[in-house]
Amino acid sequence: MERWTTCINKIEVIKVLSMRSNCYLVRKDDDAVLIDTSVRREAKWILSRLKSSHVDKLHAILLTHAHYDHLGNAHLFQETFKSHVFVHSSEKQFLAEGYTYLPKGTMPHSKLMMAVAGKKRKVRHSACLCDSIMTELSYVPPESLNLQILHTPGHTLGSVSFVVDDNVALVGDTMVNPFGINIMPPFANFPEQLPESWEKLLKTNCQYFLPSHGNEIDRSLLERCYRKIVKKGAIS
């Protein structure tokens with residue numbers, strides 16, 4: 001498992017899983033939160049790796065957004081760790097209703113994929129989460145984790161990023177890094193909002209941006225891609 005340790009308070013960020021969708025554990029001493037939960041078929045792998053990291057409780061389960069490959073195990077992990085699940089309020093209905101929609105394509109190949117998919121874009125995820133679940137991002141993290149929540153829309157309306165110790169950011173699908181060249185997500189409902197979200201992240205002191213798909217993005221790569229998009233102008 002890949003690990004990052006923040007410079008100031010030595011908070012640990014662990015990539016728990018890097019298969020269908022990256023999941024991250026943020027911890028310091030006895031405090032820990034899980035960022036995203038991947039798809040159902042990977043539940044046993046995630047639980048095994050949490051166990052090997054001696055995690056027996058979670059302060060919260062935090063979702064970067066409400067797509068099936070990020071919340072697939074939210075209900076299971078909620079029951080396992082007796083933890084509340086948090087997602088941006090604009091997407092809480094997807095947790096209650098048990099489905100999400102695939103986003104729009106932003107590139108020729110992904111636009112073609114969505115055109116082929118047509119109306120078959122509704123994807124059912126795990127069992128509906130109970131009504132008592134906390135789905136507003138009014139979450140107050142443990143002070144030891146020094147966790148800041150930023151609203152970074154673009155991929156979805158309610159996409160958020162989690163900034164750890166002003167050093168490492170967990171960005172969900174706000175950016176991707178499959179090849180280390182382009183961070184534009186191939187799928188996004190509001191791509192025109194992504195440059196503003198990237199700018200918001202650049203205003204932090206973060207040096208590493210950890211996406212849900214692909215490898216870490218260093219600050220220089222984000223800056224280059226941001227400048228390129230701004231120079232190019234509006235994106236559709």
Side-chain angles (χ1 to χ4, degrees), residues 16-17 19-26 32-47 50 55 57-104 114 117 119-142 145 147-163 169-176 185 187-190 193-194 197 210-213:
V16 179
L17 189 75
M19 296 170 70
R20 180 62 181 84
S21 182
N22 298 337
C23 302
Y24 297 95
L25 178 72
V26 180
V33 297
L34 183 67
I35 310 294
D36 288 337
T37 70
S38 195
V39 294
R40 282 178 285 177
R41 66 176 178 269
E42 295 175 355
K44 67 177 183 179
W45 294 101
I46 300 170
L47 290 172
L50 289 173
V55 175
K57 64 178 181 178
L58 293 170
H59 192 269
I61 298 164
L62 308 176
L63 302 178
T64 58
H65 60 291
H67 276 160
Y68 76 101
D69 55 336
H70 296 257
L71 58 76
N73 294 303
H75 184 255
L76 172 62
F77 294 171
Q78 178 196 20
E79 291 186 335
T80 301
F81 295 100
K82 310 303 179 187
S83 303
H84 288 298
V85 177
F86 292 83
V87 71
H88 192 274
S89 58
S90 67
E91 301 190 10
K92 65 181 181 179
Q93 74 272 16
F94 298 124
L95 274 70
E97 296 170 0
Y99 70 86
T100 59
Y101 287 95
L102 296 175
K104 301 174 183 177
M114 290 300 98
K119 294 182 179 180
K120 297 179 180 179
R121 295 175 58 196
K122 188 173 179 178
V123 180
R124 183 160 294 281
H125 56 75
S126 61
C128 300
L129 294 165
C130 63
D131 291 338
S132 62
I133 198 168
M134 293 175 146
T135 54
E136 302 286 345
L137 265 182
S138 56
Y139 172 63
V140 179
L145 298 183
L147 191 68
Q148 178 187 8
I149 302 168
L150 294 181
H151 183 208
T152 50
H155 180 67
T156 67
L157 185 62
S159 290
V160 296
S161 297
F162 301 97
V163 176
L170 309 172
V171 299
D173 289 356
T174 299
M175 56 186 87
V176 300
F187 302 96
N189 281 330
F190 307 95
Q193 296 182 6
L194 286 169
S197 291
L210 308 183
S212 293
H213 304 284

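Residues satisfying the side chain to side chain donor-acceptor pair (under 3.5 Å) test with T37, not counting sequence neighbours, are none. Listed by chain and residue number, L63, T64, H70, S212 satisfy the side-chain contact (heavy atoms from CB on, under 4.5 Å) test with D36 (two or more places apart in sequence, or in another chain). Taking Q93 as the reference, E97 meet the side-chain contact (heavy atoms from CB on, under 4.5 Å) condition, with sequence neighbours excluded. Scored by the side-chain contact (heavy atoms from CB on, under 4.5 Å) test, P142 finds D31, H59, Y139, S144, L145 as partners (sequence neighbours excluded). Residues passing the side-chain contact (heavy atoms from CB on, under 4.5 Å) test with A32 are L25, R27, L58, sequence neighbours excluded.
The minimum heavy-atom distance linking P103 with A188 is given by the pair CB-N, 4.0 Å. Taking all atoms of both residues into account, the shortest heavy-atom contact from T156 to F190 is C-CD1, 4.0 Å. Considering every non-hydrogen atom in both Q193 and P153, the closest pair reads OE1-CB, 3.0 Å. Contact between H155 and S159 at its shortest, heavy atoms only, is CB-OG, 3.8 Å. Nearest approach of N73 to E42, heavy atoms of both residues: ND2-C, 4.4 Å. In plain terms, the two heavy atoms of G158 and S90 that are nearest each other are CA-OG, 3.3 Å.
Between T152 and S161, the side chains place a donor N or O and an acceptor N or O closer than 3.5 Å (distance only, hydrogens not considered).
Here the straight-line distance linking atom CZ of R41 with atom CZ of R20 works out to 7.0 Å at 0.5 Å rounding. One finds the CZ atom of F94 at 7.0 Å from the NE2 atom of H67 (value rounded to the nearest 0.5 Å). Here D69 contributes atom CG and C23 contributes atom SG; the two are 9.5 Å apart, rounded to the nearest 0.5 Å. We find the NZ-OG distance between K57 and S83 to be 10.0 Å, quoted to the nearest 0.5 Å.
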Decide side-chain contact (heavy atoms from CB on, under 4.5 Å) for L157 and N189; before the verdict, give the C-alpha distance in whole Å, the side-chain angles of both, and the deciding distance to 0.1 Å. CA-CA 8 Å; L157 185 62; N189 281 330; over 6 Å; no

When you look at L50 and F81, which way does the side-chain contact (heavy atoms from CB on, under 4.5 Å) test go after all the steps? CA-CA 11 Å; L50 289 173; F81 295 100; 3.8 Å; yes

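No donor-acceptor distance shorter than 3.5 angstrom exists from the side chain of D173 to the backbone of H213, with no hydrogens or angles considered.
Among the candidates L62, V163, L137, V140, the single residue satisfying the side-chain contact (heavy atoms from CB on, under 4.5 Å) test with I149 is L137.
When side chains are defined from C-beta on, I61 does not count as touching H84, because their heavy atoms never get closer than 4.5 Å. Within the 4.5 Å cutoff, side-chain heavy atoms of I46 are placed close to those of F77. Side chains of V87 and L71 form no contact here, defined as non-hydrogen atoms less than 4.5 Å apart.
Listed by first and then second residue, the salt bridge (Lys or Arg N to Asp or Glu O under 4.0 Å) pairs involving residues 70-91 amount to none (not counting sequence neighbours).
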